[in-house]
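Every chain is numbered from 1 and lettered A, B, ... according to where its sequence line falls, protein lines coming before strand lines.
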Number of protein chains: 2
Amino acid sequence: MNNLETLFIPEEIKNKELAGKLVVVIDVLRASSTIVTALVNGCNGFIPILSPELAKEEAQQFEKERVLLGGEREGKKIEGFDLGNSPREYKREVVKDKTIIFSTTNGVKTLEMVKDAHRIIIGSFLNLQAVCNYCTNYQGDISIICSGKEGQFSLEDAACAGMIIHSLRDVSFSGHKEIDANLTAQLLYEKFGNNILKLLRKSQHGRYLESIGLDEDLKFCSQLDFFDIVPIFRDGIISI
Amino acid sequence: MNNLETLFIPEEIKNKELAGKLVVVIDVLRASSTIVTALVNGCNGFIPILSPELAKEEAQQFEKERVLLGGEREGKKIEGFDLGNSPREYKREVVKDKTIIFSTTNGVKTLEMVKDAHRIIIGSFLNLQAVCNYCTNYQGDISIICSGKEGQFSLEDAACAGMIIHSLRDVSFSGHKEIDANLTAQLLYEKFGNNILKLLRKSQHGRYLESIGLDEDLKFCSQLDFFDIVPIFRDGIISI
């Protein structure tokens, strides 16, 4: 039987063998939510790049009208970039047929750390059921990896993992209810249930985003099963 | 006002400044519990050493009758060592006036990682209230650091942190109830309350220890406020 585990912090990957596994990368606020939204809106794909400088170099490999620079530092748009990290910016008229070169603080770092996995998908509340369906059909071990915040635990990612684990409760995994992190993630799900906006407003990063005027992003990211797609990261690009 | 935070995994320390802080190192199963017990039983102190080989070298600096080698790998006594990592082995007649050279998988690694902190103390369920009193009187920021298990989240350490945070709920810290990890640790406390043995038996490492015949250790480590001491780690040695 296959395993299903949660890692609360990407640094936990270090002692893990990811080859052969399905990895679900979660960064609810906001990289995961932004990627899902943009791909629904017809964007070609996201190329995650750690540093803004290298992202700018990468963008020069594309025809100018086919590429956009997106991402954030401290939650705000990077100087010289076209877009920040708000899913609401990634509208159809902006992103259709464009490739996004994407640099964010946490989510992009996680993607870099998991690149040895067999399959990498992007999870958020926006596409939660789609992710669960993907997991149900996957034949192999699954790691749900929370991006956290600058190497620290984050409530919203852990609770999203908890909701995935709860949704997969009737799928046969090997003792996954007995894994410490799974049990804890599920407790967070039980605490907040489907009141995701309350959860996001309670979280440290949610409160930070509110403080810089981005409460609307919390509302957007709290929409459960709003989209039915599963972004897949392969060969350096995230697409559907 | 001072801060109180929980780190679920020692690797979270990397992005933290510990200078000036009080660090509470938790490794309920079993390094913390063993250290507390041995010091109550008259042991001189613990010298934590990462590798068993270096521990053996260090022991040679002492008169033979004044030193013992203690610790574990995979929960079991290390070859050539005098003691394992069961607090029940560290009886008065064994450890009185002895220095323990101590090498364990998780707790000792955490101690190595926090050595830049202003003050380092050892916490467990056995000395929980004593640790809380120490925290209450400390003038400065406090980090409760869970040792986890081989770089992974562990239920019993997080729940112990949650009980400390719960106990300090009426002490004035700066917004500590709003920190993601504190809130999650407290949820674990609310889930298990004072039923610590149930918690330990539920945890992955607790079940592993049971599987190698060490259920009695879970019972021992589950005794709340059994001892009234606070071990302090300074100048390379843990003592009271």
For residues [X] and [Y], determine if any side-chain heavy atom of one lies less than 4.5 Å from a side-chain heavy atom of the other.
X	Y	value
B:Glu178	A:Arg207	yes
A:Leu187	B:Glu190	no
B:Leu183	A:Lys202	yes

Neighbour count >12 (heavy atoms, 6.0 Å) for atom NZ, B:Lys56: yes
Answer yes or no: does atom NZ of B:Lys77 have more than 12 heavy-atom neighbours from other residues, nucleotides or ligands under 6.0 Å? yes
Mutual orientation of the aromatic rings belonging to B:Phe8 and A:Phe8 [parallel < 30°, tilted 30-60°, perpendicular > 60°]: tilted
Using non-hydrogen atoms and a 4.5 Å limit, figure out which bit of B:Lys149 sits close to chain A: side chain, backbone, both or neither. neither
Chain A contact via B:Leu7 - which portion, at a heavy-atom distance below 4.5 Å: side chain
Specify which of B:Thr6, B:Ile13, B:Leu188 makes the most heavy-atom pairs with chain A at under 4.5 Å. B:Leu188
With chain A, the option among B:Glu5, B:Lys16, B:Glu156, B:Gln152 that has the most non-hydrogen atom pairs under 4.5 Å is B:Gln152
B:Lys191 side, atom NZ; A:Gln186 side, atom CD - distance, nearest 0.5 Å: 9.0 Å
Inter-residue atom distance A:Glu12.CD - B:Glu12.CD, 0.5 Å rounding: 8.0 Å
If we ignore hydrogens and angles and just use 3.5 Å, is the side chain of B:Asp180 paired with the main-chain N or O of A:Gln204 as donor and acceptor? yes
